[in-house]
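Below is one structure, written out as structure tokens; the observations come after it.
Each chain gets a letter, A, B and so on, in the order its sequence line appears, and its residues count up from 1. Basis for what follows: all heavy atoms, side chains included, without hydrogens, waters or symmetry-related copies.
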Number of protein chains: 2
Amino acid sequence: MTGTTADPDLTATPPVARRARRHDPNRRDRLIGAALTVIAERGVAGTTHREIAKVADVPLGSMTYHFASLDEILAEAFTRHADSIARVFDERLTAARNRDEAVEAVIALVTDDLLAPGHDLVLTVELYVAAARNPRLRTVTQAWMQRSRDALEIHFDPTTAREVDALIEGLTLHSALSTDPMTPAQIRHAIERYLR
Amino acid sequence: MTGTTADPDLTATPPVARRARRHDPNRRDRLIGAALTVIAERGVAGTTHREIAKVADVPLGSMTYHFASLDEILAEAFTRHADSIARVFDERLTAARNRDEAVEAVIALVTDDLLAPGHDLVLTVELYVAAARNPRLRTVTQAWMQRSRDALEIHFDPTTAREVDALIEGLTLHSALSTDPMTPAQIRHAIERYLR
DNA sequence: TTTGCATGTGTACGAGCGTACACATGATGT
DNA sequence: ACATCATGTGTACGCTCGTACACATGCAAA
């Protein structure tokens, strides 16, 4: 009736409400998780402060408060990714009590973990590409590779460990890229052929 | 002495000389090559019209004339890359006349071609990442994989061909990522262990 | 209770980007 | 010879980006 410009009450709620402040401990952790989601969906190239903030439902300014730069977010996100895979790797191989069980552990690792439906294999390839030009990320990949090899060397000699590590890499990558991914039986066949 | 603003001669050479027009057939091809150079140096994420133009020593406007979009340049560049590797693959395996020679061909392929000093392995990983989100590039990788497998099937059964293809992928990728790349002897050992 | 500071929020700025487009030029077919 | 048009060149526009920064708020120490 009076029109929006006629109201003289300057204490009224401003037209654009300020977002309520939230108590949000471990927002930093949530942001790292959101970063991994964005990387998986849009790739490192499509990962921006604004996109991560949107996924985490957080204002843009929060990004620069918690992280000095985009590089820092990427480094922390990929570190978490590599650690989570390396931990599974460790657990499977530590649990194996002899060589035969170790072979089964490797097979299970590939078929049940690395090629599991929910597992974002593209995240690993994104890491490799990013690491090619980011020394900090190269440290992450190298530590991860070392850890994998160490776990394998619990049961296999160093030469075999290195070769199997490469084979695992190739099998997962190939399955991920193919329209016609390898079946668990084919994975088993390839690994057993190599290790038995 | 009279100062630069005192000259009334409007027919004089303008302060910024227009670049001389050049007769440049197959500039399009040169641009694709320049694109591969840029991708190898800066990654797909750092590949821009302006950067490619600078490497090829060509004005920016030339990019949009020869290619409808950046995607089109990337697709053509990666197609060239994949074809050039697939051709070597074909040649090596076609030349082999029995299984033993085929094994040697695979070893030579990895050690002498894929891991050759001048060969940009990062280009392949860049392709994989780009293909994850670009259907056109996924066609390129799948055609490439099929061609590799076909070449291997000249000498090996389909199951072996697929497994060896994956092994090659893993060996090259692993060598590329490691600070401590595998030696030719180690490559030979891994492949012979699998194929003999 | 008061106060300091870690944390949360909104916005502005300059840079680089893809792309569009107007204009220039010379090779080529007639 | 000359007209045409494929090719070559320069520049402007609108957009998104990373980052900086001023201001708000409430927990915790004193």
- Item | Degree of bending, the helix from dT1(C)-dA30(D) to dT30(C)-dA1(D) (end axes from five pairs; round to 10°) |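 Answer for the end axes of this duplex: 10°.
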
- If you measure from CD on E163(A) to CG on L195(A), what distance do you get to the nearest 0.5 Å?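 These two atoms lie 9.5 Å from each other.
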
For [N], does either OP1 or OP2 sit under 4.0 Å from a side-chain N or O belonging to [X]?
X      : N       : answer
R27(A) : dT9(C)  : yes
H66(B) : dG8(D)  : yes
R19(A) : dG10(C) : yes

- Task: For Y194(B), check ring-ring contact (aromatic ring centres under 6.0 Å, His included) against everything at least two apart and list the hits.
- Result: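 Testing Y194(B) for ring-ring contact (aromatic ring centres under 6.0 Å, His included), a comparison that skips the adjacent residues, returns Y194(A).
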
- Mind calculating the distance between CG (N26(A)) and C1' (dA6(C)) to the nearest angstrom?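 Distance check: N26(A) CG to dA6(C) C1' gives 16 Å.
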
Under 3.5 Å: donor-acceptor pair, side chain of [X], backbone of [Y]:
X       : Y       : value
R138(B) : A131(B) : yes
Q186(A) : T183(A) : yes
T94(A)  : E91(A)  : no

I'd like a list of close polar pairs between nucleotides 24-30 of chain C and the protein, N/O only, cut-off under 3.5 Å.
from, atom 1, to, atom 2, distance (Å)
dT25(C), O2, R21(B), NH1, 3.1
dT25(C), O2, R21(B), NH2, 3.1

Please write out the pairs of protein N or O atoms and N or O atoms of nucleotides 18-22 of chain C separated by less than 3.5 Å, giving the distance to one decimal.
from, atom 1, to, atom 2, distance (Å)
dG18(C), OP2, H49(B), N, 3.1
dG18(C), N7, R50(B), NH1, 2.8
dG18(C), O6, R50(B), NH2, 3.1
dT19(C), OP2, L70(B), N, 3.2

Only pairs under 3.5 Å count here: list side-chain donor-acceptor contacts from residues 55-72 of chain B, not counting sequence neighbours, and write none if there are none.
from, atom 1, to, atom 2, distance (Å)
S62(B), OG, R27(B), NH1, 2.9
T64(B), OG1, G61(B), O, 3.1
S69(B), OG, D71(B), N, 3.4
S69(B), OG, E72(B), N, 3.3
D71(B), OD2, N134(B), ND2, 3.4
E72(B), OE1, A68(B), N, 3.4

- Which atom of I39(B) lies closest to which atom of R133(A), heavy atoms considered: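 Where I39(B) meets R133(A) most closely, the heavy atoms are O-NH2, 3.0 Å.
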
- Query: So which pairs with a foot in residues 87-134 of chain B pass ring pair (Phe, Tyr, Trp, His ring centres under 6.0 Å), sequence neighbours left out?
  - Reply: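 Found none.
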
